[in-house]
Amino acid sequence: MPDTRPLTIALSKGRILEQTLPLLEAAGLTPYEDVQKTRKLMVDGDVDGRAVRFLIIRAADVCTYVEQGAADIGVAGRDSLLEYQPHVFEPLDLGIGRCRLCVCGPKELVEAGPPERGSRIRVATKYDHLAADYFLSQGVQAEIIHLYGSMELAPLVGMAERIVDLVETGSTLRANGLVEELTLCDISSRLIVNPASFATRKAQIQPIIEKLRSAVEVRDKG
Ligand code: PRP
């Protein structure tokens, strides 16, 4: 029995969405409503006249929707993929949402040097695993303080000595008297695909991957 459900595409809300839309348009993926304005979380659309639907969700949740098969494909940051390690295919770097995952701290602490092996520090982050792995690799005992956003506040109120967070322009750090200590990895958004969907709906999914790949190439040449 062919799967007749519309293909479901999970998009990350927020600043990535703005950069995703031109790629969708170039690849012929058309939402029927302004996904940046609507309060709807599921929006109908089509690709080449064939029905699709878009889910508009938090970046960190895209991995879950695609891994669970609630969405067939999605746009997810490399930060979420590294943190949650979902079982998904990752066929394409979309080259959007570029930033870096960094260890940062108050200027005076960072200038005093990295925490010594065997020392204890508090680290505010939403990347619990990545932060814990890094400090473990340095022999530093890190107490991970999980936050959902605005990590830069934690050192200002004495709740943490370091943060592990995304840095794009660096303006949030500067505005809060923090500096980068080191970059853990470069980040960009990736197209991800549910493996079972890819197996059962390859004829529909593969052309979308190729169209998005072409759109990325055209954008990068231009
Ligand atoms: C992200 C990130 C930093 C900021 C970095 O937060 O967590 O706080 O952007 O960008 P910048 O280097 O250009 O200042 P976002 O604005 O997405 O909100 P959040 O804190 O709720 O995650």
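All values derive from a computational prediction rather than experimental measurement. Read the numbers this way: they start at 1 and go in the same order the structure lists the ligands and their atoms.
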Exactly one of E180, E181, E143, E152 clears salt bridge (Lys or Arg N to Asp or Glu O under 4.0 Å) with R162, and that residue is E181
Check your understanding: Under 4.0 Å between a Lys/Arg side-chain N and an Asp/Glu carboxylate O for D72 and R5?
Key -> yes
Hey, can you pull the donor-acceptor pairs under 3.5 Å for the side chains in residues 208-221, sequence neighbours left out?
{"from": "E210", "atom 1": "OE1", "to": "R213", "atom 2": "NE", "distance (Å)": "3.1"}
{"from": "E210", "atom 1": "OE2", "to": "Q206", "atom 2": "NE2", "distance (Å)": "2.7"}
{"from": "K211", "atom 1": "NZ", "to": "D48", "atom 2": "OD1", "distance (Å)": "3.3"}
{"from": "K211", "atom 1": "NZ", "to": "D48", "atom 2": "OD2", "distance (Å)": "2.1"}
{"from": "S214", "atom 1": "OG", "to": "E210", "atom 2": "O", "distance (Å)": "3.1"}
{"from": "R219", "atom 1": "NH1", "to": "L94", "atom 2": "O", "distance (Å)": "2.9"}
{"from": "R219", "atom 1": "NH2", "to": "L94", "atom 2": "O", "distance (Å)": "3.0"}

Taking the side chain as every heavy atom from C-beta outward, state whether Y65 and D61 have any atom pair closer than 4.5 Å. yes
Contacts satisfying ring-ring contact (aromatic ring centres under 6.0 Å, His included) that involve residues 14-51 (not counting sequence neighbours) are none
Taken in chain and number order and not counting sequence neighbours, the residues that satisfy side chain to side chain donor-acceptor pair (under 3.5 Å) with E83 are H129
Expected rows: ligand 1 N/O, protein N/O, dist below 3.5 Å:
{"from": "ligand 1", "atom 1": "7 (O)", "to": "D165", "atom 2": "OD1", "distance (Å)": "3.0"}
{"from": "ligand 1", "atom 1": "7 (O)", "to": "D165", "atom 2": "OD2", "distance (Å)": "2.9"}
{"from": "ligand 1", "atom 1": "8 (O)", "to": "E152", "atom 2": "OE1", "distance (Å)": "3.3"}
{"from": "ligand 1", "atom 1": "8 (O)", "to": "E152", "atom 2": "OE2", "distance (Å)": "2.6"}
{"from": "ligand 1", "atom 1": "8 (O)", "to": "D165", "atom 2": "OD2", "distance (Å)": "3.4"}
{"from": "ligand 1", "atom 1": "9 (O)", "to": "R15", "atom 2": "NH2", "distance (Å)": "2.8"}
{"from": "ligand 1", "atom 1": "12 (O)", "to": "E168", "atom 2": "N", "distance (Å)": "2.8"}
{"from": "ligand 1", "atom 1": "12 (O)", "to": "T169", "atom 2": "N", "distance (Å)": "3.0"}
{"from": "ligand 1", "atom 1": "12 (O)", "to": "G170", "atom 2": "N", "distance (Å)": "2.7"}
{"from": "ligand 1", "atom 1": "13 (O)", "to": "T169", "atom 2": "N", "distance (Å)": "2.9"}
{"from": "ligand 1", "atom 1": "13 (O)", "to": "T169", "atom 2": "OG1", "distance (Å)": "2.5"}
{"from": "ligand 1", "atom 1": "14 (O)", "to": "S171", "atom 2": "OG", "distance (Å)": "3.3"}
{"from": "ligand 1", "atom 1": "14 (O)", "to": "T172", "atom 2": "N", "distance (Å)": "2.9"}
{"from": "ligand 1", "atom 1": "14 (O)", "to": "T172", "atom 2": "OG1", "distance (Å)": "2.4"}
{"from": "ligand 1", "atom 1": "16 (O)", "to": "R15", "atom 2": "NH2", "distance (Å)": "2.9"}
{"from": "ligand 1", "atom 1": "20 (O)", "to": "S150", "atom 2": "N", "distance (Å)": "2.9"}
{"from": "ligand 1", "atom 1": "22 (O)", "to": "K126", "atom 2": "NZ", "distance (Å)": "3.1"}

